[in-house]
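Owing to the predicted nature of the structure, the values given are computational and were not obtained by experimental measurement. Hydrogens, waters and symmetry mates play no part in the numbers below; they use all other heavy atoms, side chains included.
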Amino acid sequence: MAHTIGIDVGSGAVKTALFGFDDDGTPRWLAKRCERIRRRDPMALAQEGRDGVLADAGLAPESVDYVATTGEGENVAFATGHFYSMTTHARGGVFLAPGARAVVDIGALNGRAIYVDERGKVLSYKMTSQCASGSGQFLENIARYLGVAVEEIGPLSESSANPEKVSSICAVLAETDVINMVSRGIATPDILKGIHLSMASRIVKLLKVTGIKEGTALLTGGLALDTGLLAAIREEMGNEKVGVEAISHPDSIYAGAIGAALWGEFRRRKLAALSERAAA
């Protein structure tokens, strides 16, 4: 059995996935790790992730045939190769949800909608700008200001009865909007739901630009498990009459690492075939 490791170095966390492959290429997901960066060295966390998944699977480092990085992992010293994060999220998203025809990656700094085919090949995409208020870091900053734990954001948002939408695209101005809402006595659930609706509106617009008309869109990235955001996206899909179903997966955060591991095995096999032909 061949083994590959995918390491996704993001702005907020380092995700690692270990895969084994049968002789016919069938992938088997063997182990996973996720470490929040929190001012720690991402390169050190990448090594910890690699060592951790190997320990979990009971494998030695020499058992690994390919280490593929993605995201901000170009400088991981022990990597075999690096892959662009859009292609890894696309491939990893289709692995998690084979019926998905779009992947919506909502990370710490930005978001993007990726239209894919059944193999995970990117057909088209659209990204938010770097300063957009539709990012995980922005939402985490707002939650900290409101005194809300990250895991409480989704349930509180879903309990809102009268959401107050944030209109600013710039994250700095959007935070000012939230401060004004607090001074006006707007309830925390209504603020969070309003933020979710604003983010959802931008995400749905991104999806429409990619050209997808129907099917399933899988959320990936750090906000994929935010139930309030998922509910808001579904609400906006209905408002915009977009015939796409938004879904999440318990392992959505690992999509980039999964895709890196799968692409790593693809490249390993291609290189092995070239070597065999050259030797012949």
Side-chain angles (χ1 to χ4, degrees), residues 4 6-10 15 17 19 21 25-29 32 68-73 81-129 132 134-136 199-226 229-230 233-234 236-237 240-270:
T4 66
I7 302 175
D8 180 9
V9 181
K15 289 79 65 178
F19 273 78
F21 296 86
T26 302
R28 301 184 186 278
W29 193 2
K32 61 188 177 184
T69 58
T70 189
E72 299 173 24
H82 183 78
F83 294 85
Y84 185 40
S85 61
M86 187 175 304
T87 61
T88 57
H89 272 267
R91 182 66 185 87
V94 170
F95 175 85
L96 292 171
R101 290 300 169 266
V103 174
V104 181
D105 173 26
I106 313 169
L109 296 181
N110 53 40
R112 57 188 166 191
I114 312 166
Y115 183 20
V116 301
D117 65 13
E118 68 280 359
R119 301 168 298 170
K121 178 183 177 181
V122 176
L123 302 177
S124 65
Y125 71 93
K126 182 67 176 177
M127 294 183 66
T128 60
S129 61
S135 66
M199 295 173 70
S201 177
R202 297 186 186 104
I203 289 168
V204 172
K205 285 182 173 64
L206 292 180
L207 271 172
K208 289 173 70 175
V209 171
T210 66
I212 185 171
K213 304 293 184 184
E214 58 185 8
T216 300
L218 175 72
L219 270 60
T220 66
L223 292 184
L225 299 183
D226 184 335
L229 179 58
L230 179 60
I233 291 173
R234 287 171 171 168
E236 284 296 308
M237 292 282 201
E240 294 291 325
K241 295 181 172 56
V242 178
V244 178
E245 179 189 7
I247 63 171
S248 187
H249 187 283
D251 290 317
S252 279
I253 193 172
Y254 294 99
I258 293 168
L262 296 175
W263 278 120
E265 171 61 7
F266 177 81
R267 182 178 288 174
R268 185 196 71 80
R269 284 177 174 258
K270 286 286 188 181

Identify, with sequence neighbours excluded, every residue that meets salt bridge (Lys or Arg N to Asp or Glu O under 4.0 Å) alongside Arg112.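 Salt bridge (Lys or Arg N to Asp or Glu O under 4.0 Å) list for Arg112, sorted by chain: Asp105.
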**Q.** salt bridge (Lys or Arg N to Asp or Glu O under 4.0 Å) partners for Glu245, two or more places apart
**A.**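 For Glu245, no residue satisfies salt bridge (Lys or Arg N to Asp or Glu O under 4.0 Å) once neighbours in sequence are set aside.
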Main chain of Glu214, side chain of Arg101: is a donor-acceptor contact present, judged purely on distance under 3.5 Å?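 Not confirmed, Arg101 side chain does not pair with Glu214 backbone.
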- Indicate yes or no for a side-chain donor-acceptor contact from Trp263 to the backbone of Phe83 under 3.5 Å, with no hydrogens or angles considered.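 Between the backbone of Phe83 and the side chain of Trp263 there is no qualifying donor-acceptor contact (under 3.5 Å).
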When you measure from the centre of the six-membered ring of Phe21, is the NZ or CZ of Arg268 closer than 6.0 Å and no more than 45° off the axis?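 Not satisfied by the 6.0 Å and 45° rule.
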query = To the nearest 0.5 Å, what is the distance between OG1 (Thr70) and NE2 (His82)?
reply =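 That separation rounds to 5.5 Å.
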message = Measuring from atom CZ of Phe19 to atom CZ of Phe95, what distance do you get when rounded to the nearest 0.5 angstrom?
response =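 Going from the CZ atom of Phe19 to the CZ atom of Phe95 covers 4.0 Å.
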What pair of heavy atoms forms the shortest contact from [X] to [Y], and how long is it?
| X | Y | answer |
| --- | --- | --- |
| Ala224 | Ser248 | O-OG, 2.6 Å |
| Ala246 | Met237 | CB-CE, 4.3 Å |
| Leu223 | Met199 | CD1-CE, 3.5 Å |
| Leu96 | Leu218 | CB-CD2, 4.2 Å |
| Glu236 | Ala200 | CG-CB, 3.7 Å |

Margin query: Among Thr210, Leu207, Thr220, exactly one meets side-chain contact (heavy atoms from CB on, under 4.5 Å) together with Val104. Which residue is that?
Written below: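 Passing option: Leu207.
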message = For Glu118, I'd like to know if atom CD has over 12 heavy atoms of other residues, nucleotides or ligands within 6.0 Å.
response =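 Yes, the 6.0 Å shell around CD holds more than 12 heavy atoms from other groups.
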Return a table of donor-acceptor pairs under 3.5 angstrom between the side chains of residues 250-260 and protein atoms on other chains or two or more places apart.
| residue | atom | partner | partner atom | Å |
| --- | --- | --- | --- | --- |
| Asp251 | OD1 | Lys32 | NZ | 2.6 |
| Ser252 | OG | Leu219 | O | 2.8 |
| Ser252 | OG | His249 | N | 3.0 |
| Ser252 | OG | His249 | O | 3.1 |

_Asp8 side chain near His89 side chain, heavy-atom distance below 4.5 Å_ =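 Heavy-atom side-chain distance check passes, below 4.5 Å.
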query: Is Arg91 close to Phe266 at the side-chain level, that is, under 4.5 Å between some pair of heavy atoms?
result: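 No, side chains not in contact.
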